[in-house]
Amino acid sequence: QLSDRLNSVVKYLKGQGKIKESNIEEALREVRISLLEADVNYEVVKQFVEDVKKKALGQEVIGSLTPAQQFIKIVYDELVEIMGGETSLPMISVSPPAVIMLVGLQGSGKTTTAAKLGIYLKKKHKRTPLLVPLDVRRPAAIEQLKVLGNQARLSVYDTDPSMNPVEIAEKSKEYALMRGYDTVIFDTAGRLHIDEELMKELEEIEKVSDPAEVLLVADAMTGQDAVNIAREFDQRLNLTGVILTKVDGDTRGGAALSIKAVTGKPIKFIGTGEKLEDIDLFHPDRIASRILD
Amino acid sequence: LLRGEKISPEIYEELEAILITADFGVKTTQKLLSRVRVEAKERGISDPAALKNLLKEKILEILKSVPPHSLPDVKPLVIMVVGVNGTGKTTSIGKLGKYFIDQGKRVVFAAGDTFRAAAIEQLEIWAERVGARIVKHQEGSDAAAVFYDAIESAIHRGDDVVIGDTAGRLHTKVNLMDELRKVKRVSSRAMEGAPHEIWLVIDAVTGQNALRQAQEFNKTLGLTGIILTKLDGTAKGGIVVAIADELKIPILYVGVGEGIGDLKPFSPEEFVEGLFE
Ligand SMILES: Nc1nc2c(ncn2[C@@H]2O[C@H](COP(=O)(O)OP(=O)(O)OP(=O)(O)O)[C@@H](O)[C@H]2O)c(=O)[nH]1
Ligand SMILES: Nc1nc2c(ncn2[C@@H]2O[C@H](COP(=O)(O)OP(=O)(O)OP(=O)(O)O)[C@@H](O)[C@H]2O)c(=O)[nH]1
Ligand SMILES: [Mg+2]
Ligand SMILES: [Mg+2]
């Protein structure tokens with residue numbers, strides 16, 4: 001527990017008036033270790049610790065908190081500030097159909113999230129979503145989204161697997177417009193950020209469909225590689241946000257900080273289970289407590 | 001993490017960065033660097049290239065400290081595949097099927113993921129692709145019953161290998177972990193000693209949580225091997241070194257793509273070289 005570790009190195013701060021460089025190095029070291037153990041990226045941790053140091057130096061040691069508590073509060077506040085921000089979905093201002101494109105690595109939870117998001121938008125925002133399977137490669141991917149759509153009572157576009165995803169994207173958007181769906185959710189095939197051909201395919205899908213949202217679906221237990229993945233997807237597409245999945249496990253979730261730090265894009269939702277209702281708005285304070293645990 | 005004194009702090013920082021960014025984790029990184037420091041001093045090594053080689057040596061030492069693994073000579077050989085959601089279990093089973101069939105073996109898949117949408121269909125397509133038989137029940141049925149059925153039919157029909165798929169599940173879900181225990185128990189009723197192999201599939205992109213996964217699945221079932229998938233990405237999967245060190249479970253195969261042939265036996269040397277690329 002970071003608080004226990006900090007307690008042992010920071011207790012000497014009490015009675016010292018100000019937090020100074022000389023009495024902070026051990027504490028910073030403990031924070032660094034804690035964040036690395038939480039899967040925050042190495043370079044992100046370096047920068048973060050620098051920022052915490054700046055914020056902490058010169059602060060009066062508050063009487064009501066122990067020095068460790070005060071130090072943790074500085075770290076916690078910094079985490080919340082970095083990961084916070086605007087998380088709304090701007091679709092209301094987009095002329096229908098608003099396209100939401102879900103992208104990400106293999107197995108991150110896109111197909112499941114597409115159905116969850118559809119239900120969420122229908123219930124909370126009275127939208128009429130059309131789920132569109134764009135994964136024509138993975139065995140039974142189209143079937144998977146159809147089954148989920150059925151369970152969710154959402155319409156699923158009848159994707160023809162012999163067509164290519166760019167064509168399907170275009171056709172399904174026209175279909176949605178014709179049939180009066182105000183929202184289209186694209187479930188794309190999982191792919192590596194270093195797969196040139198497949199990343200290009202995503203760029204083309206984005207180009208023909210002009211999405212209101214391009215959301216990176218990322219696994220909360222992702223390790224150091226989170227920065228490489230996020231950076232590449234963000235550079236090649238106009239990411240508007242991130243959905244962090246499998247938050248219901250016991251991973252500390254440092255990938256959340258890494259992704260936010262490297263892309264600046266807001267984490268909008270979290271996946272909290274395998275059921276279709278298991279999607280929540282992202283709260284930076286909750287993830288911050290987990291990362292610091 | 002480590003306040004180096006004899007050797008330049010810059011080289012240590014570089015080694016530390018390599019290990020941490022490869023997902024070795026703080027504890028294993030500290031362990032390896034302190035061993036490097038001690039041995040570098042004893043052997044008078046201070047050149048950066050030599051230090052890197054020393055580090056590779058230390059990593060290999062850990063990987064090779066795991067007892068060697070060989071498939072038991074039983075018929076049918078029953079393999080149970082487990083892991084958290086989305087790691088590549090079903091795909092790896094397809095690839096493993098191909099691997100055994102190419103050796104002239106008769107393979108049957110048990111469609112033990114009776115929960116997730118289109119999981120059975122996904123495995124069916126793989127069975128067709130590789131030429132394996134598949135045993136499946138209705139979606140929502142009992143996974144243990146599917147395993148039992150598959151093993152019994154394999155004995156009856158003289159198949160060589162049964163590979164059972166299970167639904168992805170987080171190790172924190174007690175009832176789901178209990179379900180796996182039941183699948184294991186019921187399998188042993190279909191055939192004494194089954195399942196002979198229980199393999200955990202880990203996604204190379206996973207951070208420190210992979211160690212937690214290995215600990216919990218091992219505690220619940222007793223793992224006999226690990227498959228590390230998606231090594232064709234940029235993640236290094238360094239957490240397997242911590243798993244080898246702490247749990248002594250052998251890494252058997254690595255997944256290097258989504259295609260039928262994208263499965264290779266794990267090579268510690270190749271893995272270590274890959275860390276430094
Ligand atoms: N526990 C948990 N499981 C999840 C969550 N989101 C998705 N899953 C599970 O993760 C696994 C992978 O989900 P998919 O939706 O198939 O992932 P995907 O990104 O579409 O996979 P590809 O299309 O192959 O890239 C499934 O077993 C899902 O049930 C979540 O928030 N929590
Ligand atoms: N690039 C790459 N992708 C892989 C590899 N292994 C599996 N995948 C992909 O990862 C995704 C998930 O694979 P699955 O086999 O469905 O994973 P799973 O563990 O069975 O998932 P659940 O049953 O939902 O828990 C699919 O898109 C696979 O094609 C690999 O070695 N490399
Ligand atoms: Mg999918
Ligand atoms: Mg599966």
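Each chain gets a letter, A, B and so on, in the order the sequences are listed, and its residues count up from 1.
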Out of curiosity, [X] [atom1] to [Y] [atom2], how far, rounded to the nearest 0.5 Å?
X         : Y         : atom1 : atom2 : result
Thr222(A) : Asp203(B) : OG1   : CG    : 7.5 Å
Asn85(B)  : Thr112(A) : CG    : OG1   : 8.5 Å
Thr21(B)  : Tyr42(A)  : OG1   : OH    : 8.0 Å
Gln106(A) : Thr91(B)  : CD    : OG1   : 9.5 Å
Leu176(B) : Glu274(A) : CG    : CD    : 7.0 Å
Lys27(B)  : Leu36(A)  : NZ    : CG    : 15.5 Å

Please determine if [X] and [Y] form a salt bridge, counting it only when a charged side-chain N lies under 4.0 Å from a carboxylate O.
X         : Y         : result
Glu16(B)  : Arg32(A)  : yes
Arg191(A) : Glu258(B) : no
Lys236(B) : Asp225(A) : no

Could you look at [X] and say if it's the side chain, the backbone, both or neither that has a heavy atom under 4.5 Å from chain B?
X         : result
Asp248(A) : both
Leu145(A) : neither
Lys110(A) : neither
Arg138(A) : side chain

(request) Pick one of side chain, backbone, both or neither for Glu124(B), based on which atoms fall under 4.5 Å of a heavy atom in chain A. (result)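 For Glu124(B), neither part sits under 4.5 Å from chain A.
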
(request) Might you point out which heavy atoms bring Asp232(B) and Ile194(A) nearest each other, and give the distance in Å? (result)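 So the two residues come closest at O-CD1, 3.5 Å.
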
(message) To check you understand the geometry: which heavy-atom pair defines the closest contact between Ala118(B) and Glu143(A), and what is its length?
(response)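 Heavy atoms only, the tightest pair is CB-CG, 3.7 Å.
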
(message) Tell me whether the count of non-hydrogen atoms from other residues, nucleotides or ligands lying under 6.0 Å of CD in Glu277(A) goes above 12.
(response)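 It does: Glu277(A) CD has more than 12 such atoms within range.
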
(message) So for atom NZ, which belongs to Lys146(A), do other residues, nucleotides or ligands contribute more than 12 heavy atoms lying within a distance under 6.0 Å?
(response)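 Yes, because the 6.0 Å sphere around NZ of Lys146(A) holds more than 12 heavy atoms from other groups.
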
(message) For the residue pair Gln122(B) / Gln144(A), report whether a side-chain donor-acceptor contact shorter than 3.5 Å exists.
(response)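 There is no such pair between these side chains.
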
(request) Please check if any side-chain donor atom of Thr172(B) sits under 3.5 Å from a side-chain acceptor atom of Asp250(A), or the reverse. (result)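 Distance-only check fails for Thr172(B) and Asp250(A).
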
(request) Look at Gln151(A), Lys246(A), Glu43(A) and state which one has the largest set of heavy-atom pairs under 4.5 Å with chain B. (result)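 Among the listed options, the one with the most contacts to chain B is Lys246(A).
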
(request) Specify which of Pro139(A), Ala140(A), Gly190(A) makes the most heavy-atom pairs with chain B at under 4.5 Å. (result) Pro139(A)

(request) For the residue pair Ile229(A) and Val205(B), establish whether any side-chain heavy-atom pair is separated by less than 4.5 Å. (result)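 Ile229(A) vs Val205(B): side chains touch.
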
(request) State, yes or no, whether a side-chain contact exists between Met221(A) and Val84(B) at a heavy-atom distance under 4.5 Å. (result)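 In short, these two side chains touch, coming nearer than 4.5 Å.
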
(message) Could you check whether any side-chain N or O of Asp23(B) sits under 3.5 Å from a backbone N or O of Gly223(A), counting only pairs where one atom can act as donor and the other as acceptor?
(response)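 Checking the backbone N and O of Gly223(A) against the side chain of Asp23(B), no donor-acceptor pair under 3.5 Å is found.
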
(message) I'd like to know which of Ala119(B), Ala117(B), Gly94(B) tops the heavy-atom pair count under 4.5 Å against chain A.
(response)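 Max contact count across the listed options: Ala117(B).
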
